[in-house]
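See below for the structure under consideration.
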Amino acid sequence: QVQLAESGGGSVQAGGSLRLSCAVSRSISSSYCMGWFRQAPGKQREGVAAIDSDSGTSYAESVKGRFTISEDNAKLILYLQMNSLKVEDTAMYHCVLDVRARIDEGGVCKGGDTGYRGQGTQVTVSS
């Protein structure tokens, strides 16, 4: 089992920045894809950004140029740097880990046979 724990959410004004973190409870010996998705009340779940064990990255069109996904393998932490935040970025952000998966277009992971998900961290952007 792998536990994922997100942190770093909060309230910020439009144009501001936040950095989300996702702590992973143990290292993964297989290939993997990690990412962030978000879900706002009444809206569909949306992939935001993903990174795989080959360091490939993928982003949703809505966040390209504003968000950056990265990982610290030594510390087992996944990050999401969010700049130029917009009101429409308001959502619960969840971290995911898919073992033996790869990135796909739109900031999501594809394939894989075992998936994990964190409880989420709330991001609220006000105008």
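Counting begins at 1 with the first residue of the sequence.
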*Looking only at heavy atoms, which two atoms of Y93 and M82 are closest? And how far apart?*
CE2-SD, 3.9 Å
_Side-chain heavy-atom pair S27, L76 within 4.5 angstrom cut-off_ = yes
_Between CG on residue D104 and OG on residue S58, distance to nearest 0.5 Å_ = 7.0 Å
*Hey, mind stepping through V12 and T124 against side chain to side chain contact (heavy atoms under 4.5 Å, CB included) and telling me if it holds?*
CA-CA 6 Å; V12 64; T124 302; over 6 Å; no
*Distance-minimising heavy-atom pair for Y116 and D98*: N-OD1, 4.4 Å
*asked:* A quick test of your reading: do over 12 heavy atoms of other residues, nucleotides or ligands sit less than 6.0 Å from CD of Q119?
replied: no
*Look up atom CD in E71 and atom OG in S55, then write down how far apart they are to the nearest 0.5 Å.*
6.0 Å
*Do M34 and M92 belong together in a cluster built from hydrophobic side chains that touch within less than 4.5 Å?*
no
*Carefully, step by step, assess E6 and W36 under the rule side chain to side chain contact (heavy atoms under 4.5 Å, CB included).*
CA-CA 10 Å; E6 302 96 334; W36 296 89; 3.7 Å; yes
_T114 OG1 to Q1 CD distance, which is reported to the nearest 0.5 Å_ = 9.5 Å
_Exercise: identify the closest heavy-atom pair between I77 and S21_ = CG2-CB, 4.0 Å
*Taking a hydrophobic cluster as the set of Ile, Leu, Val, Met, Phe, Trp and Tyr residues connected by side-chain heavy atoms closer than 4.5 Å, whether directly or through intermediates, do V96 and Y59 fall within one such cluster?*
no
*asked:* Whether the R100 and S30 side chains hold a donor-acceptor pair (N or O, under 3.5 Å, no angle test) is what I'd like checked.
replied: yes
_Rounded distance [0.5 Å steps], CZ in F67 versus CG in L85_ = 5.0 Å
*Between CZ of R19 and CD of Q81, what distance do you get to the nearest 0.5 Å?*
7.0 Å
*asked:* In terms of relative ring orientation, are F37 and H94 parallel, tilted or perpendicular, with 30° and 60° separating the classes?
replied: parallel
*For A60 and G47, work out which heavy atoms get closest and say how close.*
CB-O, 3.3 Å
*Give a yes-or-no answer on whether the side chains of E88 and S62 include a donor-acceptor pair shorter than 3.5 Å.*
no
*Would you please test R102 and D54 for side chain to side chain contact (heavy atoms under 4.5 Å, CB included) and show each step?*
CA-CA 9 Å; R102 285 289 181 266; D54 289 333; 3.4 Å; yes
*Non-hydrogen atoms of L80 and A49 that approach each other most closely*: CD1-CB, 4.0 Å
_Starting from Y79, can I reach L20 by hopping between I/L/V/M/F/W/Y residues whose side chains sit under 4.5 Å apart?_
no
_Are E46 and V63 packed together at the side-chain level, in the sense that at least one heavy-atom pair is separated by less than 4.5 angstrom?_
no
*For R26 and I28, run side chain to side chain contact (heavy atoms under 4.5 Å, CB included): C-alpha distance rounded to whole Å, both residues' side-chain angles, the deciding distance at 0.1 Å, then the answer.*
CA-CA 7 Å; R26 65 173 180 84; I28 306 299; 4.2 Å; yes
*asked:* Given 3.5 Å as the limit, does a donor-acceptor pair link the side chain of T57 with the main chain of I51, or not?
replied: no
*asked:* For the CG atom of L97 and the OH atom of Y32, what is their distance to the nearest 0.5 Å?
replied: 8.5 Å
_Quick check: closest heavy atoms across V123 and G9, and the distance to 0.1 Å?_
CG2-CA, 4.2 Å
*Is there a path of hydrophobic side-chain contacts, each under 4.5 Å between heavy atoms of I, L, V, M, F, W or Y residues, that connects V108 with V48?*
no
